[in-house]
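Please read the structure below before turning to the comments.
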Amino acid sequence: MTVRVGVIGAGWIGKEHTRRLTHTVTGARVTAVTDIDPARAAEAAEPVGARVLPDGAAVVAADDVDAVLVTSWGPTHAEHVLNAIAAGKPVFCEKPLATTAEDCLRIVEAEQAYGRRLVQVGFMRRYDAGYRQMKQVIEAGTIGEPLIVHCAHRNPTVPESYTSEMASLDTAVHEVDVLRWLLGDEIVSTQVITPRATSKRFAHLKDPQIILFETAKGVRIDLEVFVNCRYGYDIQCEAVGEEGLVRLPDPAAVGVRTAGRHSTEVRTDWVGRFRDAFDTEFREWIAGIAAGEEPTGPSAWDGYAATVITAATVEALESGSVVATAVKPRPAFYGGTA
(Lines give C-alpha, C1' and ligand atoms only; values in the text may rest on other atoms or scores of the structure.)
Protein backbone atom coordinates (compact mmCIF):
# COMPACT_ATOMS: atom_id res chain seq x y z
CA MET A 1 0.00 0.00 0.00
CA THR A 2 1.18 3.50 -0.84
CA VAL A 3 0.03 6.02 1.76
CA ARG A 4 -1.02 9.24 0.05
CA VAL A 5 -0.12 12.25 2.20
CA GLY A 6 -1.48 15.78 2.05
CA VAL A 7 0.82 18.50 3.41
CA ILE A 8 -0.55 21.63 5.07
CA GLY A 9 2.22 24.22 5.31
CA ALA A 10 5.09 24.49 2.83
CA GLY A 11 7.66 26.37 4.85
CA TRP A 12 11.13 24.95 5.45
CA ILE A 13 10.03 22.03 7.63
CA GLY A 14 7.10 21.24 5.33
CA LYS A 15 9.42 21.09 2.32
CA GLU A 16 11.92 18.99 4.25
CA HIS A 17 9.28 16.46 5.26
CA THR A 18 7.89 16.41 1.71
CA ARG A 19 11.38 15.57 0.49
CA ARG A 20 11.73 12.92 3.22
CA LEU A 21 8.42 11.26 2.38
CA THR A 22 9.32 11.23 -1.31
CA HIS A 23 12.96 10.18 -1.30
CA THR A 24 13.69 8.52 2.05
CA VAL A 25 10.53 6.81 3.28
CA THR A 26 9.16 3.88 1.29
CA GLY A 27 5.43 3.40 0.86
CA ALA A 28 4.52 7.10 0.90
CA ARG A 29 3.63 9.67 -1.75
CA VAL A 30 2.81 13.35 -1.28
CA THR A 31 -0.27 14.03 -3.39
CA ALA A 32 -1.45 17.47 -2.24
CA VAL A 33 0.15 20.59 -0.76
CA THR A 34 -1.24 23.87 0.50
CA ASP A 35 0.25 26.99 2.05
CA ILE A 36 -0.88 30.51 2.85
CA ASP A 37 1.53 31.51 0.07
CA PRO A 38 0.40 29.74 -3.14
CA ALA A 39 3.80 30.25 -4.79
CA ARG A 40 5.52 28.51 -1.89
CA ALA A 41 3.01 25.65 -2.10
CA ALA A 42 3.74 25.28 -5.82
CA GLU A 43 7.47 25.28 -5.15
CA ALA A 44 7.05 22.36 -2.73
CA ALA A 45 4.50 20.46 -4.84
CA GLU A 46 6.05 20.62 -8.32
CA PRO A 47 9.18 18.51 -7.69
CA VAL A 48 7.10 15.64 -6.23
CA GLY A 49 4.19 15.78 -8.68
CA ALA A 50 1.64 16.86 -6.09
CA ARG A 51 -1.44 19.07 -6.57
CA VAL A 52 -1.68 22.53 -5.01
CA LEU A 53 -4.94 22.97 -3.12
CA PRO A 54 -6.42 26.24 -1.83
CA ASP A 55 -6.44 25.53 1.92
CA GLY A 56 -6.08 22.97 4.67
CA ALA A 57 -9.73 21.97 4.60
CA ALA A 58 -9.39 21.05 0.92
CA VAL A 59 -6.33 18.92 1.66
CA VAL A 60 -8.09 17.03 4.44
CA ALA A 61 -11.17 16.43 2.27
CA ALA A 62 -9.26 15.35 -0.84
CA ASP A 63 -10.06 11.83 -2.10
CA ASP A 64 -6.40 11.22 -2.93
CA VAL A 65 -5.22 12.02 0.63
CA ASP A 66 -5.10 9.11 3.09
CA ALA A 67 -3.17 10.93 5.83
CA VAL A 68 -2.44 14.55 6.71
CA LEU A 69 0.84 16.25 7.65
CA VAL A 70 0.46 19.60 9.45
CA THR A 71 3.53 21.85 9.25
CA SER A 72 1.81 25.24 9.14
CA TRP A 73 2.02 28.16 11.59
CA GLY A 74 1.43 26.96 15.18
CA PRO A 75 -1.84 28.83 15.86
CA THR A 76 -3.45 27.07 12.86
CA HIS A 77 -2.61 23.53 14.02
CA ALA A 78 -5.74 22.89 16.08
CA GLU A 79 -8.09 23.68 13.18
CA HIS A 80 -6.32 21.30 10.79
CA VAL A 81 -5.95 18.47 13.32
CA LEU A 82 -9.63 18.70 14.28
CA ASN A 83 -10.62 18.60 10.61
CA ALA A 84 -8.50 15.48 10.09
CA ILE A 85 -10.08 13.74 13.09
CA ALA A 86 -13.57 14.62 11.81
CA ALA A 87 -12.61 13.07 8.46
CA GLY A 88 -11.22 9.95 10.16
CA LYS A 89 -7.75 10.47 8.67
CA PRO A 90 -4.43 9.91 10.48
CA VAL A 91 -2.71 13.23 11.11
CA PHE A 92 0.91 14.00 11.95
CA CYS A 93 1.23 17.45 13.53
CA GLU A 94 4.56 19.12 14.08
CA LYS A 95 4.85 20.66 17.53
CA PRO A 96 3.03 22.37 19.04
CA LEU A 97 -0.16 20.33 18.82
CA ALA A 98 -1.88 23.64 19.62
CA THR A 99 -0.79 26.89 21.23
CA THR A 100 -3.30 26.75 24.10
CA ALA A 101 -4.24 24.03 26.56
CA GLU A 102 -7.90 24.58 25.68
CA ASP A 103 -7.34 23.79 22.01
CA CYS A 104 -5.23 20.75 22.92
CA LEU A 105 -8.07 19.42 25.06
CA ARG A 106 -10.54 19.98 22.22
CA ILE A 107 -8.34 17.71 20.10
CA VAL A 108 -8.05 15.12 22.88
CA GLU A 109 -11.82 15.09 23.36
CA ALA A 110 -12.48 14.85 19.61
CA GLU A 111 -10.09 11.92 19.25
CA GLN A 112 -11.65 10.08 22.18
CA ALA A 113 -15.11 10.67 20.72
CA TYR A 114 -13.89 9.21 17.41
CA GLY A 115 -12.86 6.09 19.31
CA ARG A 116 -9.28 5.44 18.17
CA ARG A 117 -6.00 7.27 18.00
CA LEU A 118 -5.40 9.26 14.82
CA VAL A 119 -3.03 11.98 16.02
CA GLN A 120 0.75 11.89 16.29
CA VAL A 121 2.82 14.90 17.41
CA GLY A 122 6.27 15.57 15.97
CA PHE A 123 8.54 15.09 18.95
CA MET A 124 11.31 13.31 17.06
CA ARG A 125 13.68 12.70 19.96
CA ARG A 126 11.77 9.56 20.91
CA TYR A 127 13.11 8.15 17.62
CA ASP A 128 16.76 9.02 18.26
CA ALA A 129 18.87 5.87 18.72
CA GLY A 130 20.64 7.25 21.80
CA TYR A 131 17.46 8.19 23.63
CA ARG A 132 15.93 4.82 22.76
CA GLN A 133 18.95 3.07 24.25
CA MET A 134 18.63 5.20 27.40
CA LYS A 135 14.96 4.21 27.74
CA GLN A 136 15.84 0.52 27.39
CA VAL A 137 18.42 0.84 30.18
CA ILE A 138 16.03 2.68 32.50
CA GLU A 139 13.12 0.32 31.88
CA ALA A 140 15.35 -2.71 32.41
CA GLY A 141 16.17 -1.43 35.90
CA THR A 142 19.90 -1.43 35.15
CA ILE A 143 20.51 1.84 37.02
CA GLY A 144 17.79 1.28 39.63
CA GLU A 145 15.09 3.86 40.21
CA PRO A 146 15.93 7.23 38.56
CA LEU A 147 16.61 10.03 41.05
CA ILE A 148 18.09 12.93 39.10
CA VAL A 149 18.36 13.90 35.44
CA HIS A 150 20.88 16.45 34.13
CA CYS A 151 20.24 17.94 30.68
CA ALA A 152 21.61 20.62 28.39
CA HIS A 153 20.17 22.07 25.18
CA ARG A 154 22.69 24.38 23.51
CA ASN A 155 22.50 26.25 20.22
CA PRO A 156 25.39 28.19 18.68
CA THR A 157 23.20 31.25 18.13
CA VAL A 158 19.61 32.38 17.56
CA PRO A 159 18.09 35.22 15.51
CA GLU A 160 17.05 38.53 17.08
CA SER A 161 13.40 37.43 16.82
CA TYR A 162 14.02 34.70 19.42
CA THR A 163 12.54 35.70 22.79
CA SER A 164 13.21 34.61 26.36
CA GLU A 165 9.85 32.78 26.40
CA MET A 166 10.91 30.72 23.39
CA ALA A 167 13.55 29.03 25.53
CA SER A 168 10.62 27.14 27.04
CA LEU A 169 8.08 27.10 24.22
CA ASP A 170 10.38 26.23 21.30
CA THR A 171 13.56 24.82 22.84
CA ALA A 172 12.93 23.10 26.19
CA VAL A 173 9.68 21.62 24.87
CA HIS A 174 11.72 18.80 23.30
CA GLU A 175 13.21 17.87 26.67
CA VAL A 176 9.77 18.13 28.27
CA ASP A 177 8.43 15.45 25.96
CA VAL A 178 11.42 13.13 25.87
CA LEU A 179 11.91 13.21 29.66
CA ARG A 180 8.27 12.37 30.36
CA TRP A 181 8.70 9.44 27.96
CA LEU A 182 12.08 8.32 29.30
CA LEU A 183 10.93 8.31 32.90
CA GLY A 184 7.31 7.24 32.40
CA ASP A 185 6.51 10.03 34.83
CA GLU A 186 4.66 13.36 34.77
CA ILE A 187 6.24 16.77 35.36
CA VAL A 188 4.36 18.46 38.20
CA SER A 189 6.32 21.66 38.86
CA THR A 190 8.73 23.99 37.11
CA GLN A 191 11.09 26.80 38.06
CA VAL A 192 13.46 28.98 36.03
CA ILE A 193 16.76 30.41 37.27
CA THR A 194 18.60 33.01 35.20
CA PRO A 195 22.35 33.03 35.87
CA ARG A 196 24.77 35.65 34.59
CA ALA A 197 23.76 36.41 31.01
CA THR A 198 26.13 35.84 28.12
CA SER A 199 27.41 38.98 26.41
CA LYS A 200 26.83 37.21 23.08
CA ARG A 201 23.03 37.49 23.33
CA PHE A 202 20.70 40.18 22.00
CA ALA A 203 19.94 42.64 24.79
CA HIS A 204 16.29 41.57 25.21
CA LEU A 205 17.12 37.90 25.76
CA LYS A 206 17.64 36.07 29.05
CA ASP A 207 20.31 33.52 28.13
CA PRO A 208 21.28 31.07 29.50
CA GLN A 209 18.39 29.77 31.58
CA ILE A 210 18.34 26.87 34.02
CA ILE A 211 14.97 25.12 34.22
CA LEU A 212 14.22 22.92 37.23
CA PHE A 213 11.47 20.32 36.92
CA GLU A 214 10.04 17.92 39.49
CA THR A 215 8.09 14.81 38.54
CA ALA A 216 5.20 13.10 40.30
CA LYS A 217 7.61 10.43 41.61
CA GLY A 218 10.01 13.06 42.96
CA VAL A 219 12.70 12.91 40.27
CA ARG A 220 14.49 16.26 39.99
CA ILE A 221 15.54 17.46 36.54
CA ASP A 222 17.88 20.34 35.78
CA LEU A 223 17.93 21.60 32.19
CA GLU A 224 20.38 24.18 30.91
CA VAL A 225 19.03 26.08 27.91
CA PHE A 226 21.86 28.09 26.36
CA VAL A 227 21.04 29.31 22.87
CA ASN A 228 24.13 31.45 22.23
CA CYS A 229 26.84 29.02 23.29
CA ARG A 230 28.73 29.73 20.04
CA TYR A 231 30.60 26.43 19.79
CA GLY A 232 27.86 24.21 18.31
CA TYR A 233 24.54 22.41 18.71
CA ASP A 234 24.96 20.24 21.78
CA ILE A 235 22.31 18.01 23.37
CA GLN A 236 23.20 16.30 26.66
CA CYS A 237 21.19 14.04 28.98
CA GLU A 238 22.28 11.97 31.98
CA ALA A 239 19.94 10.00 34.24
CA VAL A 240 21.28 9.13 37.69
CA GLY A 241 19.69 6.16 39.43
CA GLU A 242 20.07 4.34 42.73
CA GLU A 243 22.56 1.86 41.26
CA GLY A 244 24.21 3.67 38.35
CA LEU A 245 23.73 6.19 35.60
CA VAL A 246 23.07 6.27 31.88
CA ARG A 247 24.26 9.03 29.58
CA LEU A 248 23.08 10.00 26.11
CA PRO A 249 25.92 9.33 23.67
CA ASP A 250 27.28 12.11 21.52
CA PRO A 251 26.77 11.62 17.77
CA ALA A 252 29.42 9.34 16.31
CA ALA A 253 32.33 11.32 14.85
CA VAL A 254 35.84 10.41 13.87
CA GLY A 255 38.71 11.53 16.06
CA VAL A 256 41.34 13.66 14.33
CA ARG A 257 44.89 14.04 15.62
CA THR A 258 46.88 16.83 14.03
CA ALA A 259 49.10 19.74 15.06
CA GLY A 260 49.33 18.51 18.63
CA ARG A 261 45.57 18.27 19.07
CA HIS A 262 42.98 15.50 19.24
CA SER A 263 39.57 16.74 18.10
CA THR A 264 36.10 15.47 17.18
CA GLU A 265 33.37 17.29 15.31
CA VAL A 266 30.55 19.06 17.19
CA ARG A 267 27.35 19.41 15.16
CA THR A 268 26.26 22.96 14.45
CA ASP A 269 22.50 22.55 13.91
CA TRP A 270 19.55 20.38 14.91
CA VAL A 271 18.93 19.19 11.37
CA GLY A 272 22.13 17.16 11.21
CA ARG A 273 21.90 16.02 14.82
CA PHE A 274 18.41 14.53 14.48
CA ARG A 275 18.20 13.69 10.75
CA ASP A 276 18.12 9.94 11.41
CA ALA A 277 15.48 10.41 14.12
CA PHE A 278 13.24 12.33 11.68
CA ASP A 279 13.66 9.57 9.09
CA THR A 280 12.79 6.83 11.62
CA GLU A 281 9.83 8.84 12.90
CA PHE A 282 8.26 9.05 9.44
CA ARG A 283 9.12 5.49 8.45
CA GLU A 284 7.29 4.19 11.51
CA TRP A 285 4.34 6.56 11.04
CA ILE A 286 3.83 5.52 7.42
CA ALA A 287 4.33 1.82 8.16
CA GLY A 288 1.70 1.97 10.90
CA ILE A 289 -0.85 3.65 8.63
CA ALA A 290 -0.19 1.09 5.87
CA ALA A 291 -0.78 -1.72 8.39
CA GLY A 292 -4.02 -0.15 9.62
CA GLU A 293 -2.58 0.39 13.09
CA GLU A 294 -3.06 3.28 15.49
CA PRO A 295 0.01 5.54 15.84
CA THR A 296 2.39 4.60 18.65
CA GLY A 297 4.36 7.86 18.73
CA PRO A 298 3.75 10.98 20.82
CA SER A 299 -0.01 11.32 21.25
CA ALA A 300 -2.46 14.18 21.41
CA TRP A 301 -2.23 13.82 25.19
CA ASP A 302 1.55 14.25 25.02
CA GLY A 303 0.98 17.36 22.92
CA TYR A 304 -1.42 18.70 25.54
CA ALA A 305 1.00 18.00 28.40
CA ALA A 306 3.88 19.70 26.58
CA THR A 307 1.80 22.82 25.95
CA VAL A 308 0.70 23.01 29.60
CA ILE A 309 4.18 22.42 31.02
CA THR A 310 5.92 24.93 28.75
CA ALA A 311 3.25 27.55 29.50
CA ALA A 312 3.85 27.00 33.22
CA THR A 313 7.59 27.38 32.61
CA VAL A 314 7.05 30.74 30.93
CA GLU A 315 5.02 31.76 33.99
CA ALA A 316 7.88 30.62 36.22
CA LEU A 317 10.35 32.68 34.18
CA GLU A 318 8.21 35.78 34.56
CA SER A 319 7.37 35.31 38.24
CA GLY A 320 10.59 33.82 39.57
CA SER A 321 8.49 31.30 41.51
CA VAL A 322 8.02 27.55 41.48
CA VAL A 323 4.89 26.94 39.41
CA ALA A 324 2.70 23.84 39.50
CA THR A 325 2.09 22.56 35.97
CA ALA A 326 -1.51 21.44 36.69
CA VAL A 327 -1.51 18.76 33.98
CA LYS A 328 -4.88 17.01 34.18
CA PRO A 329 -5.06 13.26 35.00
CA ARG A 330 -4.20 11.16 31.96
CA PRO A 331 -7.24 9.48 30.38
CA ALA A 332 -7.14 5.67 30.18
CA PHE A 333 -7.67 6.10 26.40
CA TYR A 334 -4.01 7.14 26.15
CA GLY A 335 -2.62 4.49 28.52
CA GLY A 336 0.44 4.69 30.78
CA THR A 337 1.50 7.54 33.05
CA ALA A 338 3.38 9.91 30.73
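For the numbers below, each heavy atom of this structure counts, side chains included, while hydrogens, waters and symmetry mates do not. Here the structure is a predicted model, which is why all the values come from computation and not from measurement.
Counting only residues at least two apart or on different chains, the side chain to side chain donor-acceptor pair (under 3.5 Å) pairs with a member in residues 241-257 are Q236-D250, E238-R247. Within the structure, the side chain to side chain donor-acceptor pair (under 3.5 Å) test picks out the following pairs touching residues 99-112 (sequence neighbours left out): D103-R106, E111-Y334. Screening residues 51-97 for ring-ring contact (aromatic ring centres under 6.0 Å, His included), with sequence neighbours left out, gives F92-F282, F92-W285. For the ring-ring contact (aromatic ring centres under 6.0 Å, His included) condition, the pairs that include at least one residue of residues 211-261, sequence neighbours left out, are H153-Y233.
Taking 4.0 Å as the cut-off between side-chain N and carboxylate O, R125 and D177 do not count as a salt-bridged pair. At a threshold of 4.0 Å, the pair R154-D207 does not count as salt-bridged, since none of the basic side-chain nitrogens sits closer than that to a carboxylate oxygen. A salt bridge does not link D185 with K217: every distance from a Lys NZ or Arg NE/NH1/NH2 to an Asp or Glu carboxylate oxygen is 4.0 Å or more. Checked for salt-bridge contact, E43 and R40 miss the test: no charged N lies under 4.0 Å from a carboxylate O.
Taking 4.5 Å as the limit, some side-chain heavy atom of W301 sits within range of a side-chain heavy atom of K328. Between N83 and V91 the shortest side-chain heavy-atom distance does not fall below 4.5 Å.
Atom CG of L212 is separated from atom OG1 of T190 by 7.5 Å, given to the nearest 0.5 angstrom. L223 CG to L179 CG: the interatomic distance, rounded to the nearest 0.5 Å, is 7.5 Å. How far OG1 of T76 is from CG of D55: 11.5 Å, rounded to the nearest 0.5 Å. Separation of atoms OG1 (T142) and CG (L245) is listed at 12.0 Å; rounding is to 0.5 Å. Rounding to the nearest 0.5 Å places CD1 of I148 at 11.0 Å from CD1 of I221.
F123 and D302 get closest at one heavy-atom pair: CE1-O, 4.4 Å.
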Can I get a per-line list of side-chain donor-acceptor pairs under 3.5 Å for residues 289-296, giving both atom names and the distance, sequence neighbours left out?
residue	atom	partner	partner atom	Å
E294	OE1	R117	N	3.2

When the side chains of residues 162-171 are checked against the rest of the protein, which donor-acceptor pairs come out under 3.5 Å, sequence neighbours left out?
residue	atom	partner	partner atom	Å
Y162	OH	M166	O	3.4
Y162	OH	A167	N	3.3
Y162	OH	T171	OG1	2.6
T163	OG1	E165	OE1	3.3
T163	OG1	M166	N	3.4
S164	OG	K206	N	2.8

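Within a 6.0 Å sphere centred on CG of D37, other residues, nucleotides and ligands contribute more than 12 heavy atoms. Atom CD1 of I210 has more than 12 heavy atoms from other residues, nucleotides or ligands within 6.0 Å.
The side-chain contact (heavy atoms from CB on, under 4.5 Å) check on P47 picks up nothing, with sequence neighbours excluded. Under the side-chain contact (heavy atoms from CB on, under 4.5 Å) criterion, A239 pairs with M134, I138, I143, V149, V246, sequence neighbours left out. When the side-chain contact (heavy atoms from CB on, under 4.5 Å) test is applied to V33, the partners found at least two apart in sequence or on another chain are V7, A10, V30, A41, A44, A45, A50. Here R29 pairs with T2, R4, T31 under the side-chain contact (heavy atoms from CB on, under 4.5 Å) rule; sequence neighbours left out. Under the side-chain hydrogen bond (donor to acceptor under 3.5 Å, both in side chains) criterion, T34 pairs with no residue at all, not counting sequence neighbours.
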Evaluation steps, side-chain contact (heavy atoms from CB on, under 4.5 Å), between R126 and E281
CA-CA 8 Å; R126 299 190 188 198; E281 175 184 46; over 6 Å; no

After noting the C-alpha distance and the side-chain angles of R180 and I309, does the key distance pass the side-chain contact (heavy atoms from CB on, under 4.5 Å) rule?
CA-CA 11 Å; R180 294 175 62 253; I309 293 165; 3.8 Å; yes

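One hydrophobic cluster, built from ILVMFWY side chains closer than 4.5 Å, cannot hold both V48 and V52; they sit in different ones.
Under a 3.5 Å cut-off, the side chain of K89 and the backbone N or O of V65 do form a donor-acceptor pair. Side chain of H150 to main chain of E224: no donor-acceptor pair is present (N/O by atom type, distance under 3.5 Å, no hydrogens or angles).
Cluster partners of F202: none. The rule joins Ile, Leu, Val, Met, Phe, Trp and Tyr whenever side-chain heavy atoms lie under 4.5 Å apart, and it links nothing here.
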